[in-house]
Structures are given as C-alpha cells and as structure tokens.
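First comes the structure, then the notes that go with it.
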Amino acid sequence: MPDLPSTDRITTDDISAFFDSPIQVHVLRLDKIHSQISGNKWFKLKYYLQAAINSGKGIATFGGAWSNHLLATAAACRLHGLRSIGMVRGEEAVDRSQTLVQCEELGMQLIYLSREDYRQKNLLLNNLDDYLLIPEGGYGELGAKGAATILDHTAQSYTHYCCAVGTGTMMAGLINAAPSATVIGISALKNNSDLEPAIRSLANSQDRWMLIHDYHFGGYAKHPQPLIDFINEFYQHTQIPADIVYTGKLFYAARDLVQKQFFPPGSRILLIHSGGLQGNASVPKGTLMF
Ligand SMILES: *Cc1c(COP(=O)(O)O)cnc(C)c1O
C-alpha cells in the first residue's frame with residue numbers, strides 16, 4: 001500500500017535570495033505531498049477520483065513511459081480501491097521504465113498502444129464502459145477545477161503565479177483561482193501551438209495570463225547540460241530539487257525573467273513546484289546532485 005498523500009506537508013519557501021533582485025519570490029512545494037501522487041497531479045485527479053468512486057467505475061488513462069500522470073493515477077486508484085488501466089504511448093522499451101514498473105506494482109493494467117496486441121486491445125475496448133476515461137495529463141474541466149484548489153494552500157496572495165505547462169490544465173485552474181493576479185506559464189514542449197486554445201477553453205479569463213515558449217530546452221524530454229547544471233545550482237542554493245521535464249525549466253525561466261526585469265518592481269511571485277521528481281530516474285545516477 002502506498003503512503004498516504006498529505007497536503008499538510010506543503011510549504012511555501014522563500015527563495016528571494018537566489019535571485020539577485022529585491023523582488024519577492026516564493027515556491028509552493030507541492031512536490032512534498034507524496035512521492036508517487038506528486039505535485040499538481042494530486043489536485044488534477046481529485047474530482048476525477050470522486051466521479052469514479054461515485055459511479056463505481058475504474059479509471060483508464062494515457063501517458064508515456066515516464067509519465068507522472070500515469071503513476072499518480074495508479075497510486076491514487078490503489079489508495080481508493082479502484083481498478084486502473086494505463087494506456088502507454090510509444091514503443092515498449094526492452095527495459096521497462098521505473099515508472100511503469102511502479103504502475104504495475106500498484107495494480108495498474110498497462111496496455112501498450114504501439115504494440116499490435118489485438119486480443120488485449122479488444123478485451124480492453126469491450127470493458128471500457130466500466131472505466132472513467134481521463135484524458136492524458138488530466139486535461140479537462142474536472143482537472144482544472146481540482147487544480148484551482150492548489151491556491152487554497154497559499155498563506156498570502158501574489159501579483160504573479162508562475163507554473164510549468166504540459167497540457168495547460170493546472171495553468172487554467174490557477175487562472176480561475178486567482179482573479180486579480182497574472183499567471184505565467186512556461187511551456188515544457190517545443191512550439192506547442194495547441195496550448196493557447198487548450199487553456200482558453202478552460203480558463204474564465206482571456207487576458208490575465210501569458211504563455212512563454214522560450215524555455216523548452218529543445219523539447220519535452222530534452223535535458224541538455226545547461227539545464228542539468230542549472231538544476232544542480234538551484235538545488236545547491238535553495239535545497240529544492242527540481243525535475244528535468246517541467247520544474248527545472250520553470251525555475252530557470254524565473255531567474256532569466258527576473259534578470260531581464262520582466263517583473264515590475266514590487267512584484268510578489270509564487271512559483272508552483274508541481275512535483276514530478278520521480279521522472280528524474282530517467283537520467284543516469286550522479287547526473288543530479290540529489
Ligand atoms: C504534469 C506536470 C505538469 C504539467 O501540468 P499540466 O496541467 O498538464 O499543464 C507540470 N509539472 C509537473 C511536475 C507535472 O508532472
């Protein structure tokens with residue numbers, strides 16, 4: 001049985017000293033909630049879980065080999081006694097990822113979409129009525145509604161909320177929860193032109209937010225040396241571990257934007273540490289210093 005997730009462990013860390021600037025910068029540590037149901041995934045899943053429990057269904061969803069969303073779904077379903085199916089994009093690696101091994105240990109049934117296993121796929125499709133289908137990454141209104149409750153865990157209000165962005169679900173939730181602030185999203189993907197409309201359709205405001213596409217470091221799964229070096233430097237100064245796919249890029253972008261005086265004087269900025277640390281197991285041991 002996995003440990004119980006707890007939002008009591010969330011802290012707000014003041015890392016203003018890391019930025020050579022009078023601007024106030026805090027980090028909301030959603031990474032502390034749970035090692036498997038980490039960060040924003042705990043929030044994005046909560047109303048989907050409730051819907052599945054209420055309807056007596058299992059949960060079926062999608063993700064890649066290192067997906068934080070798949071693992072969070074597997075662990076959350078295990079905790080609530082729900083059946084779960086994970087449909088895995090991409091080739092089945094000869095060595096399964098640590099993430100997928102954990103998903104299976106948690107009882108998730110994995111189906112590799114790339115593999116021509118018609119018998120298994122047909123079995124799945126015939127039984128899907130018993131499952132609530134969650135879009136990849138928890139995208140959708142229920143996901144955004146859950147993400148909006150992230151800001152229930154902040155003690156003060158801020159002028160800017162900054163987060164890493166995959167599907168945009170968390171960002172939409174933050175926009176909806178912070179009616180008088182600006183929300184800035186750092187896209188982890190390269191040239192993702194689907195993102196803007198995806199957020200627009202979930203957000204209740206069309207003008208208090210901004211997507212920045214300049215910090216993808218080559219793309220979703222890319223982690224060139226400058227990003228690794230930055231994550232290590234950031235950890236050395238703040239004792240905050242970041243992940244290579246999302247939050248490393250967010251913290252890098254935050255420092256760059258502060259240095260470029262993007263934020264007006266007097267800004268109070270909250271960076272959302274959305275978790276995802278389990279995915280760091282995809283890089284060789286010793287690459288990161290934590
Ligand atoms: C999934 C994930 C995101 C992206 O969240 P979206 O709501 O899909 O934009 C950001 N950070 C981490 C650590 C994640 O695991």
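For reference, positions follow the sequence shown, starting with 1. Only this structure's heavy atoms are used, side chains among them; waters, hydrogens and symmetry mates stay out. Note that this is a predicted model, so its numbers are computed, not measured. Just so you know, ligand 1 is whichever comes first in the structure, and atom 1 is the first atom listed for that ligand.
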Is there a polar contact between ligand 1 and [X], counting only N or O atoms under 3.5 Å apart?
| X | answer |
| --- | --- |
| G168 | yes |
| G137 | no |
| K41 | yes |

Which residue and non-hydrogen atom of the protein lie closest to [atom], and at what distance in Å?
| atom | result |
| --- | --- |
| atom 4 (C) of ligand 1 | G166 N, 3.4 Å |
| atom 6 (P) of ligand 1 | K44 NZ, 3.2 Å |
| atom 11 (N) of ligand 1 | S274 OG, 2.7 Å |

is_close_aromatic(Y252, F217), centroid dist under 6.0 Å:
yes

Verify the ring-centre separation between F262 and H160: is it less than 6.0 angstrom?
no

Between L30 and H273, is any pair of side-chain heavy atoms under 4.5 Å apart?
no

Side-chain heavy-atom pair D13, T238 within 4.5 angstrom cut-off
no

Please state whether the rings of F234 and F230 are parallel, tilted or perpendicular, taking 30° and 60° as the class boundaries.
parallel

What atoms of ligand 1 come within less than 4.0 Å of a heavy atom belonging to [X]?
| X | answer |
| --- | --- |
| G275 | 13 (C) |
| G276 | 13 (C) |
| N68 | 14 (C), 15 (O) |

Select one of side chain, backbone, both or neither to describe which atoms of T167 lie under 4.0 Å from any atom of ligand 1, heavy atoms only.
both

Test of understanding: given a 4.0 Å heavy-atom threshold, classify the contact between N40 and ligand 1 as side chain, backbone, both, or neither.
side chain

Does G39 come within less than 4.0 angstrom of ligand 1, counting non-hydrogen atoms of the residue?
no

